[in-house]
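Note sheet for the following structure.
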Amino acid sequence: MLTLAIDTATKICSVALCRDREIISEYNVDAGMTHSAHLVPQIEKLFNECTVKKSDIDLVAVSIGPGSFTGLRIGLATAEALAYTWQCSLHGVETLKGMAYNMPREGILLSPVLNAQKGNYYQGIYKWQSGKVEELQSACVVGKEELFSNIASIDMPAMLLGECDKLMQDKLPENIIVAPEGLLWPKAASVALAAIDAFNAETDKNIFGIKPYYIRKSEAEELWEKRQKQK
């Protein structure tokens with residue numbers, strides 16, 4: 001199965017081509033949240049350099065969140081358009097679960113985190129077991145103390161991935177380490193592998209049935225609701 005994968009959940013614009021579980025090529029560009037300008041050219045470059053025909057794509061995999069609201073919309077809209085044009089399957093992958101595929105290592109908790117603004121984080125907790133990713137905590141919004149408490153509640157050494165800069169400003173608990181720089185951020189190749197593992201030939205035919213997984217409301221929505229209550 002030939003898979004094109006897209007991840008635009010963060011400032012990194014990532015695209016990848018995989019044949020079954022083999023990564024053919026991947027581009028990871030710090031686009032600075034300008035995915036609308038970079039995503040399609042990156043995809044075109046990927047096809048041109050890999051000499052893969054677009055008509056041969058069997059599956060488009062896309063990161064659906066949580067993450068940047070605008071980035072997720074751009075990624076999903078592009079993935080839908082490509083899957084419709086190529087008449088292939090489409091599979092959405094939760095961003096944090098996809099990040100767990102960056103580090104296929106058993107015996108350690110993987111806790112991907114992304115900035116949820118206002119001092120909060122999106123956090124999920126996963127582990128590899130018998131070659132598969134097991135979800136121990138689904139994605140949720142937490143503060144710093146709760147984030148570390150969630151990890152501490154499971155008696156295993158842990159690794160943080162994602163947007164960890166602010167967490168690293170203070171000394172981390174002894175049982176927690178941070179992933180290497182090259183594995184820290186969301187990667188389209190990991191999205192592809194997660195989609196392949198969860199692929200369903202019937203349900204993934206529904207190209208326009210996927211919705212972004214925002215978890216929380218946008219600041220614009222929160223502001224609108226606040227104004228409505230004040231009326």
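We use all heavy atoms of the structure for the numbers below, so side chains are in, but hydrogens, waters and symmetry mates are not.
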Cluster check [X], [Y]: I/L/V/M/F/W/Y, side chain < 4.5 angstrom:
X      : Y      : result
Leu90  : Leu59  : no
Trp86  : Ile210 : yes
Val62  : Tyr84  : yes
Leu167 : Val141 : no
Leu161 : Ile215 : yes

Exercise. With a 3.5 Å cut-off and no angle check, do the side chains of Gln123 and Ser111 form a donor-acceptor pair?
Worked result: yes
Problem set entry | Tyr122 versus Asn115, side-chain donor and acceptor atoms under 3.5 Å | no
For atom [atom1] of [X], decide whether the heavy atoms of other residues, nucleotides or ligands shown that lie under 6.0 angstrom number more than 12.
X      : atom1 : answer
Asp155 : CG    : no
Glu22  : CD    : yes
Arg19  : CZ    : no
Glu174 : CD    : no

[atom2] on [Y] to [atom1] on [X], rounded to 0.5 Å:
X      : Y      : atom1 : atom2 : value
Asp197 : Lys97  : CG    : NZ    : 8.0 Å
Asp7   : Thr95  : CG    : OG1   : 5.5 Å
Ile43  : Leu17  : CD1   : CG    : 9.0 Å
Asp58  : Cys88  : CG    : SG    : 7.5 Å
Leu109 : Leu160 : CG    : CG    : 10.5 Å
Glu134 : Glu106 : CD    : CD    : 10.5 Å

Exercise. Within the distance-only criterion (no hydrogens, no angle test), does the side chain of Gln42 pair as donor or acceptor with the backbone N or O of Cys13 below 3.5 angstrom?
Worked result: yes
For this session: Please step through side chain to side chain contact (heavy atoms under 4.5 Å, CB included) for the pair Leu46 and Glu44, ending with a clear verdict.
Result: CA-CA 5 Å; Leu46 202 67; Glu44 290 294 334; over 6 Å; no
Exercise. Taking the six-membered ring of Tyr101, is the NZ or CZ of Lys187 close enough (under 6.0 Å from the centre) and on axis enough (within 45°)?
Worked result: no
For this session: Take Lys144 and Asp170 through the test side chain to side chain contact (heavy atoms under 4.5 Å, CB included) and record every step on the way to the result.
Result: CA-CA 11 Å; Lys144 181 178 179 180; Asp170 299 322; 2.6 Å; yes
Exercise. Going through the distances and angles, do Ser14 and Glu26 end up as a side chain to side chain contact (heavy atoms under 4.5 Å, CB included)?
Worked result: CA-CA 7 Å; Ser14 182; Glu26 180 180 44; 3.7 Å; yes
Seminar exercise, completed: Heavy-atom closest pair (Gly71 atom, Thr8 atom, distance to 0.1 Å) is O-OG1, 2.6 Å
